[in-house]
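Sequence positions, counted from 1, serve as the residue numbers for this chain.
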Amino acid sequence: MRTRGAVIRQIPGELEVIDLEVEDPREDEVQVKLVASGMCHSDDHHVTGDIPVGMYPFALGHEGAGIVTKASSNYKGIEVGDHVVFSAIPSCGHCRWCSSNLQSLCNLAAGILAGPRWTDGTFRVHTTDGTPVGQMCGISTFLETTTVSINSVVKIDKDIPLDKACLVGCGVSTGWGSAVNLGNVEPGHTVIVMGIGGLGSAALQGARHAGASHVIAVDPVAFKRDSAKTFGATHAVATIEEAAELAKQSTNGQGADALVITVGVLEPEHVAQALAAVRKAGTVVVTAVGEHSRVGLPIPIADLTLSQKRLQGCVFGSTNGTWDVNRLLNMYKAGQLNLDDMITRTYRLDEINQGYRDLKDGKNIRGVILFD
């Protein structure tokens, strides 16, 4: 069927909204009409070339929610009319990682930036002249209608607004899990979150929910510092130096128990600053990403070793999509998770480049595309 979507043709480049053809679902696949898609910074990393993809044209978007319009026979029993959230990381359910409660590291994720379907190397999206189009994470939520593997969707309750639910497909799960699952935040802890966008606002909420007494937000943008209080920050400052001093004041000079890096573009010095701000045996969770090929961190090895500090990488917040998507949405329904205030502005698909300009200008916590 004919659809429209946002693609990149080269790097560096700009998203183009073009007409596309999307195939009907094959076995264990569904077709979904998008209702909403979050505008995550990860997509812009592909536009700039910070994180390369396997082919061009490539249809972006990985944080979305919609309604199933076609469904083949599938092991999850998902049917036409079901409401679903896309999981940025697919889950096969039976590899070593899925079987050991680490779905965020599922083996299927090895192919999510290659372009074709990981099962057989074929394509579900083409340009109108028949050229294959790669799908980000196998889903491409910047398409009005997309065809995806059943491994990439989670059925949700129909009473949850899809424009809010879409955020759980990446940003909320990743930020929340950065604090709760990987930061090992405990009651009474002091936590610093560097960068208050979609991921950072979720990390703040995760830290407070886990019981942190002091949650210090760091962002150079005044609007984001003001917003941080809405998401549970007890303090909001412009620099990591200010945050580190506040952390020492609340820990008898020791430093933060955990620090989560959720800046827009990761630089090596962010990691060095974070490591210096945590106490002995403290944890630095590196959730942000930067230029793919950069190597090396300017950190003192003696401090890492002799202070027994932990430098922890993060993919999808170490969450398990098939369970955590609905768990987080149930928390939203119970008033324990604030998704409403995370959405600063909504856009139409044709406004997608303006949305990313607003992201880079620090105007949004999270922008969301609403489809007709």
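Looking at every heavy atom in both residues, R124 comes nearest to R117 through CG-NH2, 3.1 Å. Closest approach of A165 to I160, counting heavy atoms only: CB-CG2, 4.0 Å. Between D43 and G61, the closest heavy-atom pair is OD1-N, 2.9 Å.
A donor-acceptor contact under 3.5 angstrom links the side chains of T190 and S250, judged on distance only. Inspection of the T287 and S178 side chains reveals an N or O donor paired with an N or O acceptor under 3.5 Å. Using modelled atom types, one finds a donor on one side chain and an acceptor on the other under 3.5 Å when comparing R357 with Q354. Y347 and N353 form no side-chain donor-acceptor contact under 3.5 Å, judged by distance and modelled atom types alone.
Ionic pairing of R2 and E21 is present here: one or more N-O contacts between side-chain nitrogen and carboxylate oxygen are shorter than 4.0 angstrom. Between K70 and E29, none of the side-chain N atoms (NZ, or NE/NH1/NH2) sits under 4.0 Å from a carboxylate O, so this pair counts as no salt bridge.
Enclosure of atom NZ in K155 is not indicated, since only 12 or fewer non-hydrogen atoms of other residues, nucleotides or ligands lie within 6.0 angstrom.
Applying the ring-ring contact (aromatic ring centres under 6.0 Å, His included) test to pairs two or more places apart or on separate chains, none has a residue in residues 138-160.
Of the candidates Q135, K33, Q31, T146 forms a side-chain contact (heavy atoms from CB on, under 4.5 Å) with just one, namely Q135. Only one option out of V368, I352, L60 pairs with M39 in a side-chain contact (heavy atoms from CB on, under 4.5 Å); it is I352. The residue from R310, K309, R279 that alone fulfils the salt bridge (Lys or Arg N to Asp or Glu O under 4.0 Å) condition with D257 is R279.
The closest side-chain heavy-atom distance from T305 to I301 is below 4.5 Å. Inter-residue side-chain proximity for H209 and V180 is flagged as unmet; no heavy-atom pair is nearer than 4.5 Å.
Qualifying salt bridge (Lys or Arg N to Asp or Glu O under 4.0 Å) partners for R26, counting only residues two or more places apart in sequence or in other chains: E23, D120.
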